[in-house]
Amino acid sequence: MKSWLAALCAVLVLSSAVSAGRFPRAEGGGVTDRSDPDAPKYVNSAEITSFKADFYHDGHYVIIDHVAVLQHADTRPIGDYLFTAERGEDGAHITAKFSPHDDRLPREKYDFTAPLPALDELHASLIANNLPQINGFSRRNSALGVRFSVDVRYASGETIRGSGRGGASCAPPVDVSFLIETFRALVDKYAPPEQRPSQK
């Protein structure tokens with residue numbers, strides 16, 4: 001009898017905490033969705049002041065009947081990626097970390113300053129690949145597979161921010177892995193040769 005009463009009290013306390021907003025409410029099969037549907041899906045400015053993207057790429061997915069389906073023809077290496085760019089007085093400070101899971105591919109890390117037009121090239125890529133559609137997206141669940149966060153800030157005060165962690169239902173509304181080619185192009189064009197990994 002005492003254990004039954006204790007269990008009932010625990011349920012009542014938990015219910016009160018949830019209603020008081022102390023715990024995030026899980027929606028849609030265990031997904032905690034904190035997305036802002038009113039976040040703008042466009043930017044008027046073209047002047048990036050800062051950029052950061054941190055994500056795990058495990059293949060190219062397309063959405064078919066609301067289900068994420070892996071496309072096996074993907075040529076982007078599976079792995080972890082971290083890219084940043086910051087506008088400064090002397091140019092654009094860029095970092096790029098490529099960490100493919102295939103041991104036959106080199107891990108690469110770059111840290112360099114490029115001319116400011118590099119940020120214009122980055123902005124053009126974001127727009128061409130519809131990255132503003134990610135703005136306001138925020139989902140979490142306890143599954144594995146998806147990990148990404150994007151934070152882009154413009155001189156106008158506009159932002160492109162989105163994040164997700166969990167299963168396929170937390171995948172971004174646009175594929176962020178295009179950034180692998182975008183930063184590869186910036187590295188190839190602007191990074192000093194001495195930072196490049198030795199070729200075996």
- Message: Could you check, using the six-membered ring where one of them is a Trp, whether His123 and Tyr154 have ring centers closer than 6.0 angstrom?
- Response: yes

- Please assess Asp102 against Ile78 for the test side chain to side chain contact (heavy atoms under 4.5 Å, CB included), listing each intermediate value before the final yes or no. CA-CA 7 Å; Asp102 188 337; Ile78 291 171; over 6 Å; no

- In one Ile/Leu/Val/Met/Phe/Trp/Tyr side-chain cluster, 4.5 Å: Ile127, Leu179: yes

- Note on the structure: Minimal heavy-atom distance between Ser125 and Thr182, with the atoms involved, is OG-OG1, 2.6 Å

- Got more than 12 heavy atoms from elsewhere within 6.0 Å of CZ, Arg165? no

- Query: Salt bridge or not for Asp80 and Lys97, using N-O below 4.0 Å?
  - Reply: no

- Message: Check for me, please, whether Val152 and Leu82 land in the same ILVMFWY cluster - side-chain distances under 4.5 Å, paths through other members count.
- Response: no

- Task: Give a yes or no on whether the backbone of Ser45 and the side-chain of Glu158 come within a donor-acceptor separation of less than 3.5 Å.
- Result: yes

- Can you tell me how far the CG atom of Asn129 sits from the CD atom of Glu181, to the nearest 0.5 Å? 8.5 Å

- Message: With salt bridge (charged side-chain N to carboxylate O under 4.0 Å, His left out) as the criterion, how do Arg140 and Asp33 come out once you've worked through the C-alpha distance, each side chain's angles and the decisive distance to 0.1 Å?
- Response: CA-CA 7 Å; Arg140 298 284 188 279; Asp33 192 343; over 6 Å; no

- Query: Are the side chain of Arg107 and the backbone of Pro100 linked by a donor-acceptor contact shorter than 3.5 Å?
  - Reply: yes

- Message: Can you see whether Phe51 has Arg153 sitting over its ring - NZ or CZ less than 6.0 Å from the centre and within 45° of the normal?
- Response: no

- Task: Just do the side chain to side chain contact (heavy atoms under 4.5 Å, CB included) check on Phe112 and Thr95 with the steps written out, would you?
- Result: CA-CA 7 Å; Phe112 59 94; Thr95 69; over 6 Å; no

- Which value, rounded to the nearest 0.5 Å, describes the distance between Phe148 atom CZ and Ser163 atom OG? 6.0 Å

- Go through the structure and list residues passing side chain to side chain donor-acceptor pair (under 3.5 Å) with Ser138, not counting sequence neighbours. none

- Query: What do you reckon, are the aromatic ring centroids of Tyr56 and His101 less than 6.0 Å apart?
  - Reply: yes

- Measure the spacing between OG of Ser99 and CG of Leu105 and express it to the nearest 0.5 Å. 11.5 Å

- Task: Would you kindly confirm whether Val176 and Tyr42 end up in one hydrophobic cluster when ILVMFWY residues are joined by side chain heavy atoms under 4.5 Å apart?
- Result: no

- Is the closest basic N to carboxylate O distance between Asp151 and Arg161 below 4.0 Å? yes

- Message: How close do Asp111 and His93 get, counting heavy atoms only, and between which atoms?
- Response: OD1-NE2, 2.6 Å

- Minimal non-hydrogen separation, Ala46 against Asp120, with atom names: O-OD1, 4.2 Å

- Start with the C-alpha gap between Glu47 and Arg87, add the side-chain angles, then the distance that decides, and say whether side chain to side chain contact (heavy atoms under 4.5 Å, CB included) holds. CA-CA 9 Å; Glu47 187 177 334; Arg87 182 178 295 270; 3.4 Å; yes

- Between the side chain of Lys41 and the main-chain N/O of Ala39, is any donor-acceptor distance below 3.5 Å? yes

- Begin with the C-alpha distance, continue with both residues' side-chain angles, and end with the deciding distance and a verdict on salt bridge (charged side-chain N to carboxylate O under 4.0 Å, His left out) for Lys189 and Glu121. CA-CA 11 Å; Lys189 188 172 182 179; Glu121 296 170 35; 3.1 Å; yes

- Nearest heavy-atom neighbours spanning Leu186 and Ala118: CD2-O, 3.9 Å

- Query: For the atom pair CG (Leu122) and CD1 (Ile94), what is the distance rounded to the nearest 0.5 Å?
  - Reply: 7.5 Å

- Backbone N or O of Val187 within a donor-acceptor pair of the Arg196 side chain at under 3.5 Å? yes

- Query: Under 3.5 Å, side chain of Asp58 to main-chain N/O of Val146, donor-acceptor pair present?
  - Reply: no

- May I ask you to decide if His57's main-chain N or O and Arg76's side chain share a donor-acceptor pair within less than 3.5 Å? no

- is_close_aromatic(Tyr110, Phe83), centroid dist under 6.0 Å: no

- Just checking, any donor-acceptor pair under 3.5 angstrom between side chains of Asn141 and Ser169? yes

- Task: Considering non-hydrogen atoms only, spot the tightest contact between Phe137 and Ala171 and give its length.
- Result: CZ-O, 3.2 Å

- Task: Can you establish whether the number of heavy atoms outside Glu194 located under 6.0 Å from its atom CD is more than 12?
- Result: yes

- Hey, could you give me the OG/CZ distance between Ser177 and Phe55, rounded to the nearest 0.5 Å? 6.5 Å

- Message: To the nearest 0.5 Å, what is the distance between CZ on Phe183 and OH on Tyr81?
- Response: 13.5 Å

- Item | Transitive ILVMFWY side-chain link Ile134 to Phe178, under 4.5 Å | yes

